[in-house]
Q: 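Questions regarding the structure given below will be posed in turn.
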Amino acid sequence: MLCALLLRWNPDLSLPTDILIWALLAGSTGLALARQWRAGALLLVLCLLAALLMERLTPFALSLVAGGLALACGLHRLPEPYRPAARALVLIWALSLMLHQIPGFDNLKVLDKVLTGPASQPFTLYLNLDKPLALFGLLLAWRDLLGSGGKIRWRPLLLLTLPLAGLLLAAWGLGALKPEVGLPNWWWLFALNNLLLTCASEEALFRGCLQQRLSERFTPLTGLLVASGLFGVAHLAGGPLLVGFAALAGVCYGLAFNLSGRLSVAIAIHFLFNFAHLALFTYPLASR
């Protein structure tokens with residue numbers, strides 16, 4: 001059933017072998033976020049081996065991935081003077097993966113110019129292999145990445161839905177979106193990809209890593225604003241309007257992280273905002 005649906009949207013796929021890679025990657029990500037380190041590491045190794053055997057990953061790319069993970073894993077045993085440089089290298093490595101700057105990855109196109117509705121622009125979806133791998137290096141390098149935990153401040157956390165809803169309404173008012181209620185038949189594929197392969201890695205970098213480090217070095221407000229601004233800049237390809245909206249959304253995600261002490265909550269808020277966009281408005285944008 002799954003294979004038939006994917007082949008309908010993209011006949012060029014070689015299934016079910018292709019899907020195995022990303023199923024292992026999604027499982028590994030979920031286990032890592034649940035702090036099930038050994039099981040997550042096992043699935044990650046199987047994912048990389050499957051990608052290599054199925055030629056979705058070249059030996060060169062695999063060597064760079066393995067090198068980055070090894071550096072992240074071993075930097076805690078380095079002498080203190082060398083740790084900042086090692087962490088900087090891990091951060092550059094993670095950014096390179098997230099920006100698709102490391103050659104040798106053949107990411108899987110699963111949706112090719114499909115429409116979420118008649119008023120939406122065509123949408124193409126890739127299941128990325130490189131971007132989600134950044135999460136694992138960041139987890140190894142910064143052991144507090146998932147947050148400190150503690151009591152969740154539910155009332156202010158729930159109030160974050162108001163400014164996030166306001167962002168979608170503002171985009172409508174500016175003509176970037178139009179109301180289009182309903183879900184396409186590939187909504188579940190979007191949801192799994194967005195939650196485990198996109199939001200998880202983005203929140204790990206911008207909230208778990210950058211916001212926490214900047215908050216420690218300067219102030220929590222500085223960490224929140226700078227990380228949110230960088231999150232906006234990461235969306236530069238979508239134009240200045242998207243940069244501004246992403247930065248404002250990033251403030252909400254950062255507040256969710258601070259109010260809960262859990263990266264998983266920031267990931268969930270990020271995902272729910274994206275899913276609300278898909279379910280209630282034109283996705284990715286209104287047709288012109």
Side-chain angles (χ1 to χ4, degrees), residues 26-41 43-44 72-73 75-77 80 83-84 86-87 90-91 94 98 132 134-167 191-192 194-232 234 246-276:
S28 178
T29 300
L31 288 168
L33 294 174
R35 303 178 190 266
Q36 301 298 313
W37 311 120
R38 292 184 179 179
L43 289 191
L44 180 61
C73 185
L75 68 80
H76 302 285
R77 293 188 289 272
E80 185 61 39
R83 291 183 190 177
R87 287 193 173 96
V90 171
L91 189 57
M98 295 185 71
L135 167 70
F136 299 95
L138 295 172
L139 276 169
L140 290 169
W142 285 278
R143 294 176 176 175
D144 63 346
L145 194 85
L146 297 181
S148 58
K151 184 178 179 180
I152 298 177
R153 298 167 63 186
W154 287 106
R155 182 173 295 178
L157 187 62
L158 292 173
L159 287 175
L160 290 176
T161 58
L162 298 178
L164 287 171
L167 286 176
L192 289 172
N194 198 256
L195 177 62
L196 294 174
L197 305 184
T198 300
C199 294
S201 57
E202 290 181 357
E203 291 307 303
L205 174 63
F206 290 101
R207 257 55 69 178
C209 179
L210 295 178
Q211 182 172 316
Q212 285 201 97
R213 302 290 77 77
L214 290 166
S215 296
E216 291 169 358
R217 187 172 181 83
F218 302 103
T219 66
L221 180 61
T222 300
L224 174 68
L225 295 179
V226 173
S228 301
L230 292 173
F231 181 67
L248 292 172
V251 171
C252 295
Y253 307 152
L255 288 171
F257 182 57
N258 287 343
L259 290 167
S260 66
R262 293 165 173 82
L263 186 69
S264 58
V265 173
I267 293 170
I269 295 293
H270 188 165
F271 164 71
L272 290 172
F273 178 72
N274 291 347
F275 195 76

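Only this structure's heavy atoms are used, side chains among them; waters, hydrogens and symmetry mates stay out. Index from 1, following the sequence.
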Q: Taking atom CG of Leu205 and atom CG of Leu210, what is their separation to the nearest 0.5 Å?
A: 4.5 Å

Q: Could you tell me whether the side chain of Glu203 and the main chain of Cys199 form a donor-acceptor pair under 3.5 Å?
A: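 Answer holds: no.
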
Q: Has the side chain of Ser201 got a donor or acceptor atom that lies under 3.5 Å from a matching backbone atom of Pro132?
A: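 It does not hold such a pair.
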
Q: Rounded to the nearest 0.5 Å, how far does CZ of Phe257 lie from CG of Leu146?
A: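 Between atom CG of Leu146 and atom CZ of Phe257 there are 8.5 Å.
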
Q: Could you give the distance from CG (Leu140) to CG (Leu135), rounded to the nearest 0.5 Å?
A: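 Interatomic distance, Leu140 CG to Leu135 CG, rounded to 0.5 Å: 9.5 Å.
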
Q: Got a donor-acceptor contact below 3.5 angstrom from the Ser215 side chain to the Gln211 backbone?
A: yes

Q: Looking at every heavy atom in both Leu263 and Gly208, which two are closest together, and how far apart are they?
A: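 Closest pair (atom of Leu263, atom of Gly208, distance): CD1-N, 3.7 Å.
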
Q: For Leu259, run the side chain to side chain contact (heavy atoms under 4.5 Å, CB included) check against Leu160, Val265, Leu158, Ile269 and tell me which one passes.
A: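 The residue from Leu160, Val265, Leu158, Ile269 that satisfies side chain to side chain contact (heavy atoms under 4.5 Å, CB included) with Leu259 turns out to be Leu160.
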
Q: Looking only at heavy atoms, which two atoms of Ala266 and Ala256 are closest? And how far apart?
A: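 Closest pair (atom of Ala266, atom of Ala256, distance): CA-CB, 4.3 Å.
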
Q: Do you know the tightest heavy-atom contact between Cys252 and Pro163?
A: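 For Cys252 versus Pro163, the nearest heavy atoms are SG-CG, 3.9 Å.
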
Q: Testing the basics here: between Ala141 and Leu75, what is the closest heavy-atom pair and its distance to 0.1 Å?
A: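 Minimum heavy-atom contact is CB-CD2, 3.8 Å.
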
Q: Starting at CG of Leu214, measure out to OG1 of Thr219 and round the result to the nearest 0.5 Å.
A: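 Rounded to the nearest 0.5 Å, the CG-OG1 separation comes out at 9.5 Å.
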
Q: Roughly how far, to the nearest 0.5 Å, is the CG atom of Leu192 from the OG1 atom of Thr198?
A: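 The OG1 atom of Thr198 sits 11.0 Å away from the CG atom of Leu192.
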
Q: Would you say CZ of Arg87 has more than 12 non-hydrogen atoms from neighbouring residues, nucleotides or ligands within 6.0 angstrom?
A: yes

Q: Please identify each residue that fulfils side chain to side chain contact (heavy atoms under 4.5 Å, CB included) with Leu248, with sequence neighbours left out.
A: Leu167

Q: For Ala72 and Gly137, work out which heavy atoms get closest and say how close.
A: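 Where Ala72 meets Gly137 most closely, the heavy atoms are CB-O, 3.3 Å.
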
Q: Taking the ring centre of each residue, are Phe275 and Phe271 less than 6.0 Å apart?
A: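 For Phe275 and Phe271, the ring centres are under 6.0 Å apart.
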
Q: Main chain of Gly147, side chain of Gln212: is a donor-acceptor contact present, judged purely on distance under 3.5 Å?
A: no

Q: Kindly say whether Gly150 contributes a backbone atom to a donor-acceptor pair with the side chain of Arg262 at under 3.5 angstrom?
A: yes

Q: Atom CE of Met98 and atom CD of Glu202: how far apart are they, to the nearest 0.5 Å?
A: 5.0 Å

Q: Check ring pair (Phe, Tyr, Trp, His ring centres under 6.0 Å) between Phe206 and all other residues, then give those that pass, not counting sequence neighbours.
A: Phe231

Q: Between Ala246 and Gly232, what is the shortest heavy-atom contact and its length?
A: CB-CA, 3.9 Å

